[in-house]
Enquirer: 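Here it is, the structure in full.
Quick note on labels: first sequence line is chain A, next is B, and so on, each numbered from 1. Everything quoted here is computed from the prediction, not taken from an experiment.
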Amino acid sequence: MTPLQPARGTHDLIGEEFRRHRHVVDASRRIAATYGFVEWATPVFEDTRVFSRSLGDTSDVVTKEMYTFADRGGESVTLRPENTAGICRALVSNGLTQTLPQKVFYAGPMFRYERPQKGRYRQFHQIGAELIGAAEPLADAEVIALGWHILRALGFDTDDVVLELNTLGDRESRDAYRAALVDHFAAHRDALSEDSVARLERNPLRILDSKEARDAPAVAAAPTIGAHLTEAARAFYDGVKAHLAHFGVPFRENPRIVRGLDYYSHTAFEFVTTALGAQGTVMAGGRYDGLVEEMGGPPTPAVGWAAGVERLAMLLGAAPASVRPVAVLPVSEAAEADAIRLTQQLRQHDVPAEMAYRGNLRRRMERANRIGARFAVFVPAEAAGIVQLKDLDSGAQHDLPRDEVLARMRHEYRREA
RNA sequence: GCGGGCGUAGCUCAGGUGGUUAGAGCGCCAGGUUGUGGUCCUGGAUGUCGUGGGUUCGAGUCCCAUCGCUCGCCCCA
């Protein structure tokens with residue numbers, strides 16, 4: 001029998017990897033709260049219609065990339081491939097369309113049945129923010145500012161990550177633009193790659209971000225949406241850019257950013273890095289004014305983004321340090337009971353404390369070192385009430401009453417929090 | 001779904017053209033030191049060489065298949 005391995009495209013988060021992951025989630029959760037975003041947790045699986053309705057049924061996405069099952073009752077359920085549809089469904093299910101706007105943050109696992117590669121897994125984790133119920137450009141800018149703030153807090157600066165911004169315009173602008181693109185690329189059909197010829201039928205906007213070198217000339221010569229924007233759409237886009245400046249968020253306009261699905265309109269943006277090979281997008285979002293209605297709610301404007309935790313974690317510089325506990329060491333077997341009591345008192349003071357299960361003093365010291373302990377406390381069997389506190393970084397050691405040790409440790413660890 | 005690369009100890013990897021009992025470093029266990037760590041010294045354990053088949057007197061090494069990992073393509077909600 002072959003040894004059990006994690007299922008393809010899944011991975012275990014242990015040690016340093018887990019700390020990186022948690023750091024990303026904790027930092028974004030904290031910052032989202034300062035922007036007034038409230039965390040929701042929706043189910044990891046939903047009625048399949050929640051996703052098929054939002055995605056349409058023609059795309060690859062639905063046909064080959066969703067984890068879809070029939071449950072025992074014969075209902076078709078799907079592991080969520082993203083969380084925007086679930087948030088919109090929850091908004092409608094809970095009657096929250098009556099109390100808008102809602103500012104929602106989420107973090108959790110998502111599932112896509114695709115070939116794993118660097119930074120892409122079948123079970124992966126996303127954080128995301130959705131601002132539902134505000135049609136103003138200010139909402140787009142604030143959502144983007146939140147994303148930028150989080151990336152900054154994680155240590156990225158303008159050298160590492162660039163915000164690329166575009167508008168898809170309103171429906172009228174978009175239809176006109178799509179027609180112009182089809183005309184353009186049809187005229188250059190012979191010069192296009194095989195993939196892009198196929199896209200011409202299925203999804204002409206996607207040709208714009210083709211990675212094929214031979215498509216580059218036709219893409220470079222392609223019209224941009226600017227000339228096709230309606231007055232209203234242009235004013236909206238100008239508003240987003242002006243507010244981004246007010247929020248202090250730098251950006252670069254990139255007319256090649258597109259979205260495949262019909263419910264997207266106006267703002268589309270991506271935070272992009274060059275540090276991840278082919279998977280350069282680290283956070284992406286846009287305005288999706290049509291989605292809540294697809295979920296059975298009233299027409300409701302919304303804008304949001306999502307980011308892959310694995311990718312962000314992989315780009316962090318140094319991994320966050322693990323907690324350095326206090327190691328409690330009974331000096332002899334007779335002192336063990338007393339050492340247990342002290343360990344427990346430390347924990348009750350919110351001080352991380354550990355005591356080894358076996359071994360002589362030397363072994364216990366080695367272990368204290370191995371678990372990264374910051375302090376050691378030696379508990380002797382005699383001289384009740386007096387212990388030795390040792391600073392394991394400096395080597396300094398002092399006799400102290402145990403109450404004094406408790407007070408000092410409590411102070412030491414409170415300062416770190 | 002398609003293409004490239006890689007599978008040897010817990011980890012990182014060595015093992016010209018096939019040849020006796022498969023190695024190193026790190027880690028782990030133990031001793032040097034029965035009451036004080038990081039350094040040092042000594043000793044020890046650990047492998048279905050991914051799996052199955054084939055060629056051969058003989059396969060970690062060559063051939064075929066298969067599984068897994070990985071990088072990329074498609075796609076990216």
Side-chain angles (χ1 to χ4, degrees), chain A residues 1-11 15 50-66 78 80-88 110-121 124 126 128 193-196 198-199 202-203 205-206 209-212 257-264 268 270 276-281 284-286 288 291 294 304-306 308 311 327 329-335 356 358-383 388-397:
Chain A
M1 183 170 143
T2 57
L4 292 172
Q5 293 293 318
R8 161 168 264 191
T10 67
H11 58 157
V50 169
F51 305 111
S52 58
R53 199 176 282 182
S54 65
L55 296 170
D57 49 11
T58 54
S59 54
D60 262 23
V61 169
V62 173
T63 56
K64 79 173 195 196
E65 293 180 15
M66 293 204 312
T78 296
R80 62 185 184 189
E82 51 91 27
N83 208 16
T84 304
I87 294 288
C88 289
M110 309 292 160
F111 306 84
R112 296 182 189 178
Y113 193 88
E114 56 188 354
R115 200 66 177 266
Q117 52 182 287
K118 193 180 186 69
R120 291 177 75 164
Y121 304 96
F124 59 104
Q126 284 189 334
S193 67
E194 205 178 311
D195 285 334
S196 287
R199 289 181 181 119
R202 200 174 63 234
N203 200 346
L205 290 178
R206 280 280 164 205
D209 58 6
S210 168
K211 287 167 191 157
E212 290 279 347
I257 290 182
V258 296
R259 284 292 110 96
L261 302 172
D262 282 343
Y263 57 73
Y264 282 106
E270 297 183 359
L276 265 184
Q279 312 303 325
T281 300
Y288 51 95
L291 185 54
E294 298 273 0
W305 54 255
R311 289 188 197 177
L329 297 83
V331 163
S332 66
E333 217 170 301
R358 69 178 75 85
N360 59 29
L361 247 206
R362 174 190 165 78
R363 290 289 168 226
R364 288 169 189 259
M365 277 299 277
E366 281 174 352
R367 178 179 154 77
N369 211 51
R370 201 160 52 237
I371 66 176
R374 178 70 183 79
F375 299 96
V377 180
F378 300 99
V379 181
E382 66 281 1
Q388 286 84 46
L389 173 65
K390 181 165 188 165
D391 181 319
L392 291 175
D393 287 349
S394 70
Q397 178 173 332

Enquirer: R80(A) near the nucleic acid: base, sugar-phosphate alone, or nothing, with a heavy-atom cut-off under 4.0 Å?
Expert: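 The answer is nothing, as R80(A) stays clear of every strand by at least 4.0 Å.
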Enquirer: Could you list the residues that satisfy ring pair (Phe, Tyr, Trp, His ring centres under 6.0 Å) with Y121(A), not counting sequence neighbours?
Expert: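 Here the qualifying residues are H11(A).
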Enquirer: Of G395(A) and R206(A), whose closest RNA chain B nucleotide lies nearer the 5' terminus?
Expert: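 The 5'-side residue here is G395(A).
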Enquirer: How is Y264(A) classified with respect to the nucleic acid when contacts are heavy atoms under 4.0 Å: base, sugar-phosphate, or nothing?
Expert: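 Sugar-phosphate only.
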Enquirer: Base, sugar-phosphate, or nothing for R364(A), non-hydrogen atoms under 4.0 angstrom?
Expert: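 Counting heavy atoms under 4.0 Å across all strands, no contact is made by R364(A).
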Enquirer: Looking at the side chain of R370(A), which of rC73(B), rC28(B), rU36(B) is the nearest nucleotide?
Expert: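 For the R370(A) side chain, the nearest candidate turns out to be rC28(B).
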Enquirer: Any donor-acceptor pair, under 3.5 Å, between the side chain of Q397(A) and the base of rU36(B), if you only look at N and O atoms?
Expert: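 Yes, the side chain and the base share a sub-3.5 Å donor-acceptor pair.
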Enquirer: Considering only the P atoms, how many Å lie between rG16(B) and rC40(B), rounded to the nearest integer?
Expert: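 Straight-line distance between the two P atoms is 32 Å.
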Enquirer: Distance only, no hydrogens: is a donor on one side chain within 3.5 Å (strictly under) of an acceptor on the other, for S54(A) and E294(A)?
Expert: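 The criterion, which ignores hydrogens and geometry beyond distance, is not satisfied for E294(A) and S54(A).
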Enquirer: Taking OP1 and OP2 of rC71(B), is either one under 4.0 Å from a side-chain nitrogen or oxygen of Q117(A)?
Expert: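 Checking rC71(B) against Q117(A), no side-chain N or O comes under 4.0 Å of OP1 or OP2.
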Enquirer: Choosing from rG35(B), rG37(B), rG31(B), which nucleotide comes nearest the side chain of L392(A)?
Expert: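 The nucleotide sitting nearest to the side chain is rG37(B).
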Enquirer: Looking only at the side chain of E65(A) (C-beta and beyond, no hydrogens), which of the listed nucleotides rG38(B), rA77(B), rG72(B) gets closest?
Expert: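 The nucleotide sitting nearest to the side chain is rA77(B).
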Enquirer: Quick one: which of rU36(B), rG72(B), rC75(B) gets closest to the side chain of F378(A)?
Expert: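 Output: rU36(B).
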Enquirer: In dot-bracket, 5' to 3', how would RNA chain B read with Watson-Crick or G-U wobble pairs under 3.5 Å, [ ] for crossing ones and | for pairs to another strand?
Expert: (((((((..((((.....[...)))).(((((.......))))).....(((((..]....))))))))))))....
Enquirer: For a quick check, tell me whether the side chain of R120(A) and the base of rC71(B) share a donor-acceptor pair closer than 3.5 Å.
Expert: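 No.
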Enquirer: If you go through the side-chain atoms of R362(A), does one of them form a donor-acceptor pair with the base of rU33(B) closer than 3.5 Å?
Expert: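 Donor-acceptor pair under 3.5 Å: yes.
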Enquirer: Output yes when a side-chain donor or acceptor of R120(A) lies under 3.5 Å from a complementary backbone atom of R115(A), and no otherwise.
Expert: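 No; zero donor-acceptor contacts below 3.5 Å.
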Enquirer: For Q126(A), report the nucleic acid contact type (base, sugar-phosphate, nothing); a contact means any heavy atom under 4.0 Å.
Expert: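 Answer is nothing: Q126(A) stays at 4.0 Å or more from every strand.
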Enquirer: If only atom types and distance count, is the side chain of R364(A) paired as donor or acceptor with the main-chain N or O of G359(A) below 3.5 Å?
Expert: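 Between the backbone of G359(A) and the side chain of R364(A) there is a qualifying donor-acceptor contact (under 3.5 Å).
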Enquirer: Please determine, for the side chain of D195(A), which listed nucleotide (rG35(B), rC73(B), rG37(B)) has the closest atom?
Expert: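 Taking heavy atoms from C-beta onward, the closest nucleotide is rC73(B).
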Enquirer: Using every non-hydrogen atom in the two residues, find where L392(A) and M365(A) come nearest and quote the distance to one decimal.
Expert: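 That closest heavy-atom pairing would be CD2-CE, 3.9 Å.
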Enquirer: Which listed nucleotide (rG35(B), rU36(B), rG38(B)) is nearest to the side chain of M365(A)?
Expert: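 For the M365(A) side chain, the nearest candidate turns out to be rU36(B).
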Enquirer: Looking for any heavy atom pair under 4.0 Å, which part of the strands does R112(A) touch: base, sugar-phosphate only, or nothing?
Expert: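 R112(A): base contact, heavy atoms under 4.0 Å.
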